[in-house]
Amino acid sequence: MNDVWKRALIFGALIAWCGALLALRVHRTHTYEYAFLVWNLFLATTPAIAAVLFVVSRSVISRVIWFILWLLFLPNAPYIVTDFVHLGPHPNVPLWFDIAMFLSFAGTGLLLGYSSLADVQGVVSQRYGAIASWFFAAAVLLLSGFGIYLGRSLRWNSWDVVEDPIDISWYIAGGAVHPLEHRRTIAVTLIYGIGLILGYLAYQLPRLRMNMQSP
């Protein structure tokens, strides 16, 4: 069984676990209060699928298409971590259960994002070298931190890049010209971006050890 199918089984089990927890909560409360977690997890799955298709593609055009789709949707994977902002007490469900459910969704989303980045980084490493691939990974994760800000604070999403690129472009241009007027943007981007980078280093630690031990 190759690596792709192994990961598919693992992530399938994680997604099924998340679904089971949410279904249990719906059964207990008779409400769909946190049903949005399913949609957010679906969005987190999109970059993982796009990354695999990017790796296996043979034509330049298809690789470019899958890479763009992967990059646009990648912030959705770590974004699900911020869904903890919706967490609160409920009379029919103990708080520890909701924490476990949110943690399951957030952890699965984050792992999907890291897995997809590792796939794309592998291609970059083969073409441009290991050092360049790590600069690429760090830059992408910082961009994901910025994407989290756009989603959580401004309520933009990946679709807006296609549907309303002008507003996003003007906002980014304004931040580049007047950075001190966007301190919150910079703070959120750096805090989430650096946190994602450190987490990704931990995720890649076994592979880094193997590379250091190989002659």
Side-chain angles (χ1 to χ4, degrees), residues 36-37 39-48 50-51 54 64 67-88 99 102-103 105-121 123-125 128-205 208:
F36 63 85
L37 290 170
W39 175 248
N40 287 351
L41 188 57
F42 168 76
L43 292 177
T45 306
T46 303
F54 167 79
V64 169
F67 178 83
I68 293 174
L69 186 66
W70 168 77
L71 190 61
L72 285 177
F73 281 86
L74 180 62
N76 291 288
Y79 173 85
I80 199 171
V81 174
T82 67
D83 282 333
F84 274 97
V85 71
H86 299 290
L87 191 62
I99 292 174
F102 270 75
L103 184 61
F105 274 90
T108 301
L110 193 58
L111 287 173
L112 283 165
Y114 282 161
S115 176
S116 73
L117 177 55
D119 285 339
V120 177
Q121 185 187 3
V123 175
V124 175
S125 180
Y128 301 104
I131 295 177
S133 75
W134 278 104
F135 277 106
F136 165 80
V140 166
L141 291 172
L142 284 173
L143 284 175
S144 294
F146 180 61
I148 289 173
Y149 171 80
L150 294 179
R152 181 54 66 192
S153 298
L154 303 185
R155 308 307 299 166
W156 286 339
N157 56 57
S158 299
W159 306 107
D160 289 322
V161 176
V162 178
E163 296 178 352
D164 195 11
I166 295 178
D167 282 350
I168 295 179
S169 299
W170 274 111
Y171 184 84
I172 295 174
V177 175
H178 304 288
L180 294 181
E181 296 180 6
H182 299 267
R183 294 179 181 177
R184 188 167 185 267
T185 305
I186 296 172
V188 173
T189 298
L190 289 178
I191 289 175
Y192 277 102
I194 292 173
L196 290 173
I197 291 171
L198 294 175
Y200 185 65
L201 286 171
Y203 175 84
Q204 288 282 47
L205 188 57
L208 290 171

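Around atom CZ of Phe36, more than 12 heavy atoms belonging to other residues, nucleotides or ligands sit under 6.0 Å away. Atom OH of Tyr128 sits in a sparse spot, with 12 or fewer heavy atoms from other residues, nucleotides or ligands closer than 6.0 Å.
Annotation: side chain of Val123 is not in contact with side chain of Phe67 (no heavy-atom distance under 4.5 Å). Under the 4.5 Å side-chain criterion, counting only non-hydrogen atoms from C-beta, Leu112 is in contact with Leu41. Taking the side chain as every heavy atom from C-beta outward, Phe84 and Phe102 approach each other to under 4.5 Å. Using a 4.5 Å heavy-atom threshold, the side chains of Val124 and Phe135 count as separate. Proximity of Leu142 to Phe146: side-chain heavy atoms (C-beta onward) are nowhere separated by under 4.5 Å. At a threshold of 4.5 Å between non-hydrogen side-chain atoms, the residues Phe105 and Leu110 do not count as touching. At a threshold of 4.5 Å between non-hydrogen side-chain atoms, the residues Pro75 and Leu143 do not count as touching.
Leu201 and Trp134 get closest at one heavy-atom pair: CD2-CZ3, 3.6 Å. Nearest heavy-atom pair, Ala138 versus Ile197, reported as atom, atom and distance to 0.1 Å: O-CD1, 3.8 Å. Between Ile80 and Leu37, the closest heavy-atom pair is CD1-O, 4.3 Å. Residues Tyr203 and Ala118 come closest through the heavy atom pair CE2-CB, 4.2 Å. Of all heavy-atom pairs between Ala51 and Val120, the closest is CB-CG2, 3.9 Å. The minimum heavy-atom distance between Ala77 and Ala44, with the atom names listed, is CA-CB, 3.7 Å.
The OG1 atom of Thr185 lies 3.0 Å from the OH atom of Tyr149; values are rounded to the nearest 0.5 Å. In this structure, CG in Leu74 is found 8.5 Å from CG in Leu196, a value given to the nearest 0.5 Å.
Here side-chain hydrogen bond (donor to acceptor under 3.5 Å, both in side chains) pairs that include residues 186-200, with residues two or more places apart or in two chains, are Gln121-Tyr200, Tyr200-Gln204.
Side-chain contact, Asn40 with Asn76: no donor N or O sits under 3.5 Å from an acceptor N or O.
Here Thr82 pairs with Arg152 under the side-chain hydrogen bond (donor to acceptor under 3.5 Å, both in side chains) rule; sequence neighbours left out.
Remark: side-chain polar atoms of Ser115 are not paired, donor with acceptor, to backbone N or O of Leu111 under 3.5 angstrom.
The ring of Phe42 has its center closer than 6.0 angstrom to the ring center of Trp39.
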